[in-house]
Amino acid sequence: MSNNPFETSQASLHAAAEIGKINPDAVRYLEQPKRIFQFTIPMKMDNGELRFFEAYRVHFNDALGQVKNGLRFVPDLDLDIVKALGLWMTIKHAVAGIPAGGGKGGVKVDPRTLSEGEYERLCRAYIRKLPMKGAWVDVPGADIGTSGKTMAWMLDELEEIKQFHQPAAINDKPVAANGTQLSMEATGTGVFFVTREAVKDMGIPGDAKIVIQGFGNVGRTAALLFHEAGFKVVAIGDIKNAIHNENGIDVPALVAHVAKTGYVEGFAGTVGLSNTDLLELPCDILVPAAVQSVLNAGNADRIKAKLIMEAANGPTTPEAEEILQAKGIKIVPDVLTNCGSAIVCSFERTQGLTDDYWSADKVKAKLEERIVEAYKATKAASEQHDTSMRNGAWINALTKLQNSMKARGWI
Ligand code: NAD
């Protein structure tokens with residue numbers, strides 16, 4: 001039994017490759033990253049203390065284009081997580097039909113322990129030390145512990161290094177720094193669009209009960225859209241604990257509560273519960289939108305949802321997936337459910353390269369079109385191969401990767 005995210009990602013790769021009869025040499029390219037950069041960032045803290053931060057960047061695969069996305073600043077970062085996220089990013093771009101490869105990286109740090117000045121210096125140092133960067137090589141974006149603010153610092157530093165303007169070299173920037181509309185809402189909005197399609201297909205009623213783990217960028221955006229569309233968000237959790245109201249939580253009011261207090265706990269009209277109990281609540285739709293491996297062999301048999309929408313990366317271990325499938329619970333996989341930001345990041349790069357910046361309505365409409373198309377293609381592949389949605393998504397992605405590798409003479 002393993003909760004190792006890289007093993008989880010490899011299990012998905014091999015399962016889909018076998019069912020989809022993918023060329024074994026194409027699969028071998030995806031068993032390890034093309035490049036791993038691991039470096040140390042020395043930094044003088046505000047109090048004069050010298051600290052060393054572990055940093056990573058993985059270019060997992062670039063058969064489909066320049067590598068893109070995801071810098072995670074968290075205290076428990078390690079190479080296996082970064083590698084897993086790099087493979088998922090590779091697959092996600094292929095699932096969404098984006099001409100880009102998969103990259104991931106970050107720094108082992110809890111940003112909440114840094115002053116604003118330390119945070120900025122760390123971000124700038126990360127970009128200075130990153131060996132390969134630019135719109136046609138590696139385009140970092142935000143993930144847990146990074147945001148529009150950090151990406152704007154990184155863009156500024158990169159442009160100072162290169163001595164020319166290159167907005168397409170960094171993703172998830174604020175609009176004020178040549179970013180795109182909908183950047184921070186892209187993943188949560190995509191989660192909403194895909195859930196709406198899955199719910200229609202499964203005949204789940206429009207006022208379905210939803211449980212969400214994670215009330216950050218992704219969980220909060222999705223929760224607001226679910227609430228607005230008439231779904232009943234009955235429970236929400238964050239890193240501290242969770243809250244529950246069987247009649248539905250007033251999500252906009254909760255957003256204001258969290259802005260004031262930092263956490264969901266103590267929100268009026270709800271009862272508190274642990275993050276463990278949150279996942280096991282009876283509901284129609286469970287949306288893990290926090291961290292990896294939260295649905296594992298230890299709790300899978302107690303999950304009562306009908307549908308799991310994987311908003312987080314790798315929230316379900318392979319052991320858990322087997323148990324959940326046997327219980328008839330449908331899983332819409334991470335590489336599809338949360339590919340909204342991958343899609344909007346590719347729009348952001350296009351806007352940066354052309355200096356033609358789009359309206360929020362245009363970005364949202366194009367995101368909806370692209371992600372619904374990816375959902376339909378995934379469903380078609382899963383039906384064609386009589387397999388899970390995860391395998392369907394991976395088979396479609398692996399087929400595109402294999403075809404590119406073949407055309408380029410890699411295999
Ligand atoms: P975030 O940092 O904005 O929010 C994370 C949320 O999860 C917070 O509410 C936090 O309190 C909670 N959380 C953190 N650790 C937890 C734990 N151990 N148990 C329970 N709750 C915990 O992050 P985000 O951007 O919303 O990303 C959430 C997930 O979605 C991650 O898995 C991320 O990789 C994935 N994802 C994010 C994006 C994006 O665009 N932000 C894109 C694709 C995938």
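Start at 1 and go down the list; that is how both ligands and their atoms are numbered. All values below were derived from every heavy atom in this structure, side-chain atoms included, with hydrogens, water molecules and symmetry-related copies excluded.
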Asks: Please check whether Phe215 reaches ligand 1 - meaning an N/O of the residue sits under 3.5 Å from an N/O of the ligand, judged on distance alone.
Replies: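 Indeed, backbone or side chain, Phe215 has an N or O that close.
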
Asks: Please confirm whether Arg72 approaches ligand 1 to less than 4.0 Å, judged on its heavy atoms.
Replies: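 It does, in that a heavy atom of Arg72 comes within the 4.0 Å cut-off of ligand 1.
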
Asks: Closest by any non-hydrogen atom to atom 15 (N) of ligand 1: pick that one out of Thr221, Ile239, Thr187.
Replies: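 Considering heavy atoms of Thr221, Ile239, Thr187, the nearest to atom 15 (N) of ligand 1 sits in Ile239.
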
Asks: I'd like to check which ligand 1 atoms, numbered from 1 as shown, lie under 4.0 Å from a non-hydrogen atom of Ser341.
Replies: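 Reading through ligand 1 atom by atom, the close ones are 40 (O), 42 (C).
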
Asks: Of all the heavy atoms in Gly237, does at least one lie under 4.0 Å from an atom in ligand 1?
Replies: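 The answer is no, since Gly237 has no heavy atom less than 4.0 Å from ligand 1.
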
Asks: Could you tell me the separation between the OG atom of Ser12 and the CZ atom of Arg390, rounded to the nearest 0.5 Å?
Replies: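 Reported to 0.5 Å precision, the distance equals 5.0 Å.
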
Asks: Under a 4.0 angstrom heavy-atom cut-off, which atoms of ligand 1 come close to Ala311?
Replies: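 Per the distance check, 30 (O), 35 (C), 44 (C).
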
Asks: Show the atoms of ligand 1 that are less than 4.0 angstrom away from any heavy atom in Asp143.
Replies: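 The list of qualifying atoms is 34 (O).
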
Asks: Provide the number and element of each atom of ligand 1 under 4.0 Å from a heavy atom of Val291.
Replies: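 It comes down to these atoms of ligand 1: 15 (N), 17 (C), 18 (N).
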
Asks: Flag Val218 as yes when one of its N or O atoms lies below 3.5 Å from any N or O atom of ligand 1, and as no otherwise.
Replies: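 The answer is yes, given that Val218 and ligand 1 share an N or O pair closer than 3.5 Å.
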
Asks: At what distance is the nearest protein heavy atom to atom 23 (O) of ligand 1, and which residue and atom is it?
Replies: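 Its nearest protein heavy-atom neighbour is Ile144 CG1, 3.6 Å.
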
Asks: Answer yes or no: is there a side-chain heavy-atom contact under 4.5 Å between Glu197 and Val332?
Replies: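 With C-beta onward as the side chain, the pair stays apart.
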
Asks: Just verifying a value: how many Å separate Trp153 CH2 and Ile127 CD1, rounded to the nearest 0.5 Å?
Replies: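 Between Trp153 CH2 and Ile127 CD1, I get 13.0 Å after rounding to 0.5 Å.
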
Asks: Once the angle between the rings of Phe60 and Phe6 is folded into 0 to 90°, is it parallel (under 30°), tilted (30 to 60°) or perpendicular (over 60°)?
Replies: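 If you compare the ring of Phe60 with that of Phe6, the planes turn out tilted.
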
Asks: Please determine whether a side-chain nitrogen of the Lys or Arg among Lys92 and Asp334 lies less than 4.0 Å from a carboxylate oxygen of the Asp or Glu.
Replies: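 No, this pair does not count.
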
Asks: Looking at Phe39, is Lys129 sitting on its ring face, NZ or CZ under 6.0 Å from the six-membered ring centre and within 45 degrees of the normal?
Replies: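 No, cation not above the ring by the 6.0 Å, 45° rule.
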
Asks: Measuring from atom 28 (C) of ligand 1, which candidate in Gly214, Ala312, Ala289 has the nearest non-hydrogen atom?
Replies: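 Nearest option to atom 28 (C) of ligand 1, by heavy atoms: Ala289.
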
Asks: Should one rank Val264, Asn217, Leu278, Asn275 by closest heavy-atom distance to atom 3 (O) of ligand 1, which comes out on top?
Replies: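 Minimum heavy-atom distance to atom 3 (O) of ligand 1 goes to Asn217.
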
Asks: Closest non-hydrogen protein atom to atom 32 (O) of ligand 1, residue and atom name please, with distance?
Replies: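 It is Ala290 O, 2.9 Å.
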
Asks: Considering only NZ, NE, NH1 and NH2 on the basic side and carboxylate oxygens on the acidic side, decide whether Arg121 and Asp46 come within less than 4.0 Å.
Replies: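 Answer for the salt bridge query: yes.
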
Asks: With a 4.0 Å cut-off on N to O distance, would you call Asp361 and Lys364 a salt bridge?
Replies: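 Here Asp361 does not pair with Lys364 in a salt bridge, since their nearest N and O are not under 4.0 Å apart.
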
